[in-house]
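Input: a single structure, listed below in structure tokens.
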Amino acid sequence: MTVGLNHYLAVSGLLFCIGLAGVLFRRNLLVVYMCIEMMLAAASLALVAFSRFRGDLDGQVLALLVISVAAAEVAVGLALIVAVCRRGLKPTADELAGMKL
Amino acid sequence: MPAIEQLVWGILLLPLISAAGITLFGLRRPRLAGVLSVGAAAGVAVLSLLVFTGTPFGEWWECSAEWLSVGELNVPVALRFDPLSLTMGLIVAWVSFVIHVYSLGYMRGDRGFGRYFAGLSLFLFSMLLIVLAGNLLVLFIGWELVGVSSYLLIGFWYQRPAAADASKKAFLLNRLGDFGFLVGLLLVWSKTGTVDISELECKLALDPGLLGSLATAAGLLIFCGVLGKSAQFPLHVWLPDAMEGPTPVSALIHAATMVAAGVYLLCRVFFLLALPGSAALELIAWVGAFTALLAAVIATQQDDIKRILAYSTLSQLGYMVMAVGASSVSQPPVAAMYHLSTHACFKALLFLGAGSVICAVHHEQNIWRMGALGKKMPVTFVTFLIAALALAGVPPLSGFFSKESILASVLESNVAARHALFAVAVAVAALTGFYMTRLVAVTFFGPERTQIAGQARESGMILTIPLLILAVPSAFAGFWGIDSAYASQFKGAAVEHAGVFGRIAAAFTHSPVATLWGLGAAIVGIVTGLAVYWNAATDRLPEKLGLVAGWARNRFYFDELYAALNEATHEFLSRLADGVDRWVISGIMVRGVHGSIELAGRLLRLTQTGNIQIHAVLLGAGIAILLLIVLRH
Amino acid sequence: MSGFSAIGLELAVVVGALAILMIGVCVSSERRSFLSYVAALFVGLVLLSSFLVSWPEKQAFFEGTYLVDGLALFFKRLFLVAAGFVLVMASGSSRETAIGVEFPVLVLIALAGMMFAASAGGFILLFVALELVTVTFYVLVAFARNTRRSLEAGVKFLIIGAVTSAFLVLGMAFVYGATGTMNFDELRVAPIDVGNKQLFDIGLVLVFVGVGFKLAAVPSQIWAPDVYEGAPAPVGAFLASGSKAVGLVLIVRVMNSTMLQGETLWAVLLAVSAVASILYGALCAIPQKDLKRLLGYSSIVTAGYLLIGLASGSEAGIGASLYYMTAYTFAALAVFTVVSIVFGASEPAEIVGLAGLYKRSPLLAVALTLSMISLAGIPPLAGFFGKFLLVKSAVGSAGLKTGLVVLIGVMVVGILISIYYYFGVIRAVYWVAPSKDGKSIIVTRSERVALIMLMVGLVWLGLFPGRLIRASSGAVGSIAPSRQAIAEVVKHDGERR
Amino acid sequence: MRVFVALVLQRPVSGSGTLKSKESAVNIGSSIEPVVFAVFAVLTLVAGFLVVANPISRNPVTSAMFLVLTILSVAGLFVLLGAFFLAAVQVLVYAGAVIVLFLFVVMVWGGDGVERGKLRKFAMVVGGASLAVFLTLLGGALTGAGQDTKVGLTEGGARSLGELLINRHLLAFELMALMLLAAVIGSVFLGRKDNK
Amino acid sequence: MDPLTIIIAAPLAAAGLVAVIPGNYRFLIRVIALLATLLSAAVAIWVFAEFEPGASGLQFETRSVWVKSLGIGYHVGLDGVNVGLVLMGALVAFAAACVSREIAERVKEYYVLLLLMAGGILGAFLSWDMFGFYFFHELALVPTFLMIGIWGRGDDRVYATYQITLYLSFGALLVLVGLIAVYVQCGANTFDMVELHRHVAQTPIPAAAQRWMFPLLMFGFGVLVSLWPFHSWAPTGYAAAPTGVAMLHAGVIKKFGLLGLIRVALPLLPEGAREWIPVMGVLAVGNLLYGGWVAMRQSDLNRLLGYSSVAHMGFAFLGLASLTVLGVTGAVVVMIAHGFLAGLNFALSGYLRRVAGTTQMDRMGGLLDKVPFIGALLVMAMLAGCGVPGFANFVGELLVLFGAWEANKTWVVVAAWAGLVVGAVYTLRAVRTILHGPLRTELATVADPAGAWHRSAYALLVVALLLFGVVPGLLIARIEPDAKAVSGTIATGIEMKAAGEVGSIVRGAVAAAGVGVRQ
């Protein structure tokens with residue numbers, strides 16, 4: 001048996017869905033954020049897999065940039081969550097529901 | 001005849017100018033208003049005489065001015081001068097003039113003096129428009145305007161609820177008739193392509209089948225207009241109420257001229273009614289007969305002097321309409337016009353006399369509160385008596401001749417049930433004699449029933465002179481050949497009678513059976529009246545007649561019936577439409593759409609819970625749905 | 001033109017940002033508010049200079065990753081205009097946004113990101129530029145970090161933004177996988193095998209979702225109301241103008257480069273999203289009481305209108321969207337300026353609080369009214385012409401695609417509902433008498449000038465739209481010839497087969 | 001790491017691995033690859049699952065630790081795909097920096113370990129349904145994608161990627177820098193204490 | 001400057017001028033407003049007099065490019081149809097400015113908006129460019145909203161304002177879509193109506209397209225004219241509107257939709273018209289009879305007038321639906337006459353409201369004693385409203401009835417019933433309750449505030465009504481050639497069908513639309 005594109009993509013897809021499930025079902029925003037990172041990783045995996053099997057390095061470049069962007073996002077995002085916590089709020093979905101309807 | 005052509009426009013314009021002038025400048029200046037209006041009426045009277053005499057006997061001519069012309073519809077203001085319109089115009093002009101003068105006295109000091117004369121002038125204009133119109137649409141305009149001026153004058157004392165209501169009622173019932181008239185016009189126009197009377201006559205003469213199967217319908221629709229204006233059954237109920245207007249108005253409009261316009265119209269379009277294959281005339285005859293009988297019965301049990309006269313008018317109009325209906329091409333409706341003319345004089349006289357009486361007894365109108373006025377008001381009494389006798393058909397007064405000719409024409413008509421019609425006509429003649437006797441006996445003879453009656457005095461010159469003027473034609477019109485003037489209108493029907501005596505004798509020689517019956521009926525009526533009401537203190541008849549009298553007294557409950565009918569149909573539909581508008585259109589449709597959109601908004605925004613997780617879920621669901629939709633295509 | 005002169009405008013903005021950062025560090029915090037003015041002036045200069053340079057009709061740089069064409073230029077100017085007004089708005093002395101040096105710097109960085117995005121020639125630059133804007137906006141939305149609302153808005157923006165960028169990456173990966181390229185020009189002509197078709201389709205949808213986040217189009221519209229409500233007014237203005245326009249230009253670019261393979265897909269996708277956006281935004285906006293939140297919903301509706309222009313698929317349609325975007329930018333900037341003056345940058349903007357504005361400050365009242373009328377699409381203001389062009393393009397294409405009939409119907413409904421709630425604002429301004437404590441409002445000179453410029457813009461665009469129509473159709477035209485070229489390529493392709 | 005990779009791919013350690021080489025296309029067919037793939041794949045998915053739904057602990061710290069594992073396994077898959085540089089970056093940036101950051105924040109601010117609030121039924125149902133849709137659609141699309149794809153192999157080493165980055169994707173690369181600057185400014189601004 | 005541009009620009013420029021005058025110079029503001037509308041009216045009278053009936057082409061024509069790429073231009077000109085409308089519009093606008101003296105607060109804003117409205121609608125009447133036509137009309141929307149909202153009256157004010165605004169916007173949007181469809185389908189790349197007419201004469205719009213475009217325009221314009229059953233904004237809105245707005249709106253602005261039907265829908269889409277005319281006829285009869293019946297039950301004078309204006313519009317629709325020279329001419333006459341009449345009616349009702357403090361009819365009574373002049377005018381207005389000869393309305397209604405007779409006899413009979421009988425019932429009821437009867441005690445002390453200047457506005461409108469009623473040739477000579485052109489574009493021989501067939505037409509169209517959408 002050879003490991004083909006399908007297999008990588010399957011992993012990527014499943015991981016993406018797992019991450020999405022986390023986003024949908026976890027209330028702690030930190031965990032949610034982690035799950036988003038997982039989704040990004042899954043997407044990167046798909047990119048790399050395509051890059052490999054299509055014979056083009058652009059995919060990997062994008063994956064690289066995705067990782068960096070994710071890092072920058074995490075920095076800002078966590079700073080934001082810190083700022084939230086500073087105000088005595090818990091970083092959970094239910095706590096941050098002041099504006100609605 | 002160029003000179004006359006210039007003059008005829010004056011006939012129309014003088015009252016119009018007067019009406020406009022009074023409206024603009026004369027509402028607060030009674031003298032100006034009076035001068036203008038009476039001046040105009042006098043001018044019209046003179047002009048109409050000039051035109052009458054200026055037109056050779058039995059000939060006709062037209063003049064017209066551009067007014068409205070679009071596509072196939074061409075409506076000039078066409079004036080037609082033929083024996084019918086000339087004679088009718090003459091009567092209208094002169095009776096009007098007399099009543100104008102009378103009004104000067106009757107209305108003196110009223111706050112609305114100017115307004116009154118403006119209305120009167122407007123009426124004169126519109127009436128003349130009807131009479132002279134050579135075009136059915138122009139006639140219709142006059143027809144409508146007559147209704148308007150009648151509305152304005154009946155409601156002259158608008159502060160009185162009764163007057164205000166009466167004016168409304170009169171206008172609406174007239175409108176009902178006009179509706180039919182207009183539809184009739186549309187029908188005629190669409191079939192023949194013209195509304196010009198001469199043209200129409202020519203076309204129908206060339207091709208009598210032009211209207212086809214619609215001939216009866218067209219005739220009856222036009223007759224609808226007559227029903228309204230001449231207050232024929234079933235639209236008769238407005239006329240008695242119209243007596244809420246000032247008495248001269250009742251005399252002029254609701255006795256002499258406007259209500260007669262219906263009969264005039266019937267004669268005007270007689271060629272159309274008498275088309276072969278049209279059954280219109282027979283129905284018209286019966287409507288007239290029924291109205292005549294009904295009104296006469298009601299008149300016997302009314303106590304208001306003006307209302308008695310009003311019902312009497314109704315009855316006489318029914319008589320005329322019946323006469324038209326009983327006519328045919330071979331026997332044209334000369335009798336109807338003849339009676340119309342004489343009736344205009346003596347009925348106007350009766351009303352003016354009644355006005356004089358009412359003035360004398362301080363606006364008391366119930367005859368049972370009068371009595372013994374004959375001695376105190378000799379002029380009024382004598383003239384009134386002449387008119388009453390004329391109405392009752394006592395020879396040799398004018399009413400005798402005209403009524404005789406109606407009876408004769410009914411008896412000799414082609415209508416299938418002419419004997420029944422004749423019987424009705426005779427009965428009405430008897431009833432006429434009866435209620436007129438009742439009126440005269442109770443008002444002018446007998447005891448002074450109230451103090452006011454005792455203090456009554458003869459009215460002033462300005463009121464009595466018109467009475468005297470009108471008394472002349474009332475008494476002697478039968479000797480002049482008015483009927484021959486009309487007869488010349490309908491060619492081939494002219495019967496020439498030589499001299500005054502020939503004319504008197506003609507009534508007997510022409511159709512002795514009818515004359516004798518009529519005369520007998522009148523005598524029976526008068527004698528019975530005298531027997532019952534001579535020196536009577538109260539009305540003894542109701543006890544004897546019981547239910548019939550009660551019905552008659554209550555006008556056979558037509559008003560109540562109509563009110564209920566209106567409530568059940570038109571008002572009901574209106575209420576229904578209003579309900580639909582309020583609940584269905586404004587409610588369900590407009591507010592419903594508005595409300596459901598607002599509700600949708602309020603529901604939809606519940607998705608915005610503010611909870612990030614729900615947001616994420618909705619985002620995920622949104623993407624999923626989008627994917628599903630897009631990929632399915 | 002060399003690559004570096006091609007990115008001259010962006011470079012200038014970045015340099016400006018760095019310079020202001022440097023100056024800001026050296027200046028005491030009390031005197032920093034002038035930095036925004038400086039930044040605004042600088043942006044204005046860049047805008048002016050963009051008119052002085054003669055740009056090539058269409059040219060690609062950096063191996064095709066960076067495009068200079070009319071479309072890019074059109075949007076860059078729009079971004080510059082928006083940023084300029086936002087900076088003026090932020091400079092009011094009493095506002096949080098005026099205190100730190102960070103605000104102007106971040107706005108300029110975001111601006112640079114937007115400008116790069118407008119020129120993106122492939123997915124890679126698109127992604128990075130887009131994320132640059134997004135990350136900057138995370139900070140900007142939460143800029144009033146002392147208020148809970150602003151922070152909450154920031155977190156919401158962050159989470160939803162991050163999730164949609166994950167979708168975006170996945171989508172790009174799929175498109176890449178299906179075609180083997182990330183460059184727009186190559187994408188255009190890339191053949192797709194049958195087996196990859198679904199991959200490609202899903203990829204496009206996910207890319208649309210990711211880019212649609214900026215546009216606030218369904219399904220990634222969910223953040224808009226909360227974020228508009230919580231973000232400081234100048235940030236809201238920038239979201240409604242610059243950020244939204246980025247979404248528009250990127251969708252246009254992606255759509256333009258994949259039209260050949262995915263014509264029906266785009267038609268359905270855009271139509272569905274447009275209909276849903278319009279109905280959702282319009283319906284939810286009806287009961288709103290907060291003006292900023294109302295604008296959040298109305299921004300969703302606007303996204304729907306913009307998508308209708310794209311959905312009609314014609315050049316005229318895209319041009320109409322550009323026109324409408326411009327009109328919307330002016331109106332939104334004016335509204336947010338008024339909001340920030342009347343309510344302060346990060347306070348709630350209760351519509352009730354506008355009562356008697358006509359008396360407290362006629363200028364603000366007129367400005368607000370004009371922008372509301374423009375948003376509602378009523379002559380003689382810019383918004384009317386925008387909607388007119390949109391309807392025209394949709395009706396024009398309706399003969400081809402009957403599904404557009406539904407779009408037109410929905411648009412009519414949307415406009416009607418929006419008239420209802422926009423007029424509610426006008427009602428608050430004029431009908432209701434001021435409350436007792438309604439003092440007159442002080443408007444600084446720069447704000448006055450900005451408002452007057454915006455109003456003149458609104459009226460001018462409504463009365464004399466010819467210039468902007470030419471500009472927008474020129475912008476669209478600059479990407480159109482390539483579409484024709486593709487068609488020819490495809491034809492050749494077909495002949496060969 | 002390098003050794004491990006070489007072991008798996010049966011390739012000389014010294015190779016820079018930046019070229020699209022035909023040999024590697026031949027080499028990859030070795031029998032050990034499926035096993036390694038299976039290990040990493042299962043590890044990725046299981047660890048990923050445990051991040052989301054750990055039956056034992058709901059503590060964010062645990063989630064973070066499993067996230068590290070997931071990231072590492074993905075890096076392993078990267079290696080299998082020949083993206084060596086990327087794998088390294090993934091390990092360094094994620095496992096080295098991001099997770100530390102997470103842990104730091106979790107420890108200081110969010111570490112009480114309790115999931116606050118309750119999961120709504122609505123979210124469960126709708127979220128579950130959408131997940132199911134995604135799974136089906138992605139499954140369909142992805143399995144379709146691989147079947148008639150001709151395998152042209154590419155390896156991504158530091159040099160080849162670096163060359164691409166400073167040539168073709170220079171702008172993106174520079175923008176990254178700008179983004180990091182913005183992120184720094186932003187984080188500092190948001191994270192610092194109120195300067196009242 | 002050409003005269004037509006002066007007619008449009010005078011109010012608009014005055015609006016701009018008033019906007020910059022400080023609000024406390026009330027007298028100056030009023031004078032400017034009056035002078036501007038007077039100037040418009042004077043020029044309108046002049047061009048009406050100078051207009052050469054039956055001459056081919058437009059007169060006093062001016063055109064210039066507006067947006068070249070879209071084929072939009074500023075194109076104003078007079079033909080027989082709009083020359084009368086402009087005269088009417090300018091006179092009513094002047095009268096509205098005159099009676100607006102009753103406004104006491106926020107005078108400046110009021111006049112700015114009023115002038116904007118007047119200029120807008122005059123511009124719409126004069127425009128021969130579809131875009132300008134629509135554009136100018138829409139200028140009135142915001143002023144309507146603000147004026148009813150700020151200076152309106154009644155508890156229902158807010159609801160009424162929103163209803164009228166949204167309803168009119170709805171109609172306007174349908175119209176917009178329809179107009180654009182015309183533009184697109186013609187393919188002439190111009191909004192200029194003259195050129196479109198020319199273009200369509202050679203290459204007609206495909207019949208299939210006409211079939212769905214016509215109802216769009218018909219209902220769009222119909223909503224703007226309160227076509228049944230889309231009428232409910234009219235009574236509610238007019239009941240709440242301040243006098244000037246009600247006059248302008250009911251009298252003038254409402255005629256826009258009818259003009260649109262005459263200018264765009266009928267001549268450009270003859271096939272569609274052929275298909276849909278019967279529906280319009282049915283709805284017109286709905287307007288007449290239903291509007292009249294509902295009017296019978298109103299207790300508020302303004303609502304009564306509102307419903308009566310709904311009913312009157314039925315005549316105009318019926319005339320247009322007949323597609324005969326007579327009918328179309330009659331419809332235009334009805335438009336003009338009703339403009340004067342509605343202006344007069346609402347002016348009078350505003351006056352009575354000031355006197356009696358209410359528009360509830362049963363709370364008035366016997367007022368003729370107190371306000372003889374206004375009362376007399378009201379009687380005249382009411383009589384004109386129920387189609388009494390002498391007033392212009394009679395001529396119009398007569399022509400419509402004669403024109404429509406061949407097309408469908410039943411409807412004409414119903415229309416005549418509605419006009420002659422139902423109309424008389426509610427107008428006379430109004431006169432009876434308001435003016436006649438004994439004076440109500442609580443009104444015994446009210447004063448008649450009319451001054452000579454104030455009266456002139458009312459008199460002006462009555463004089464116009466009477467003038468065109470007595471000398472209808474003034475209008476008809478101008479209208480007829482163009483009416484002939486309109487009815488001539490659609491080949492003769494159309495018969496309005498019975499209600500059952502109308503249902504089948506609608507069903508067919510819906511089915512066709514459904515098929516189209518599915519494709």
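Each chain gets a letter, A, B and so on, in the order the sequences are listed, and its residues count up from 1. Just the heavy atoms: all of them, side chains too, but no hydrogens, waters or symmetry mates, feed the values below.
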Give, as side chain, backbone, both or neither, the part of B:Leu631 having an atom under 4.5 angstrom from any heavy atom of chain C. side chain
Heavy-atom count around B:Glu72 CD within 6.0 Å, excluding the residue itself: above 12? no
Given a strict heavy-atom distance threshold of 4.5 Å, which part of C:Leu269 is in contact with chain B: side chain, backbone, both, or neither? both
Taking the ring of C:Phe123 and the ring of C:Tyr176, is the distance between their centroids below 6.0 Å? no
Side-chain donor-acceptor contact under 3.5 Å, B:Ser167 with B:Tyr158: no
Among C:Ile202, C:Val155, C:Leu279, residue most engaged with chain B (heavy-atom pairs, under 4.5 Å): C:Ile202
Please identify, among C:Ser220, C:Ala276, C:Pro287, the residue contributing the most non-hydrogen atom pairs under 4.5 Å to chain B. C:Pro287
If you tally heavy-atom pairs under 4.5 Å against chain C, which of B:Leu627, B:Ile623, B:Ile597, B:Leu626 wins? B:Ile623
Region of C:Leu206 that comes under 4.5 Å of a non-hydrogen atom in chain B: side chain
Of C:Phe137, C:Phe213, C:Tyr138, which is the lone residue that meets ring pair (Phe, Tyr, Trp, His ring centres under 6.0 Å) with C:Trp223? C:Phe213
Highest number of heavy-atom pairs under 4.5 Å with chain C: which of B:Glu598, B:Arg602, B:Arg605? B:Arg605
Taking all non-hydrogen atoms of both residues, which atom of C:Gly414 and which atom of C:Ile278 are closest, and how far apart? CA-CG2, 3.7 Å
Using distance alone, with no hydrogens and no angle criterion, decide if B:Thr194 and B:Trp189 have a side-chain donor and acceptor under 3.5 Å apart. no
Would you mind checking which part of C:Tyr280 comes under 4.5 Å of any heavy atom in chain B, side chain (CB onward), backbone (N, CA, C, O), both or neither? both
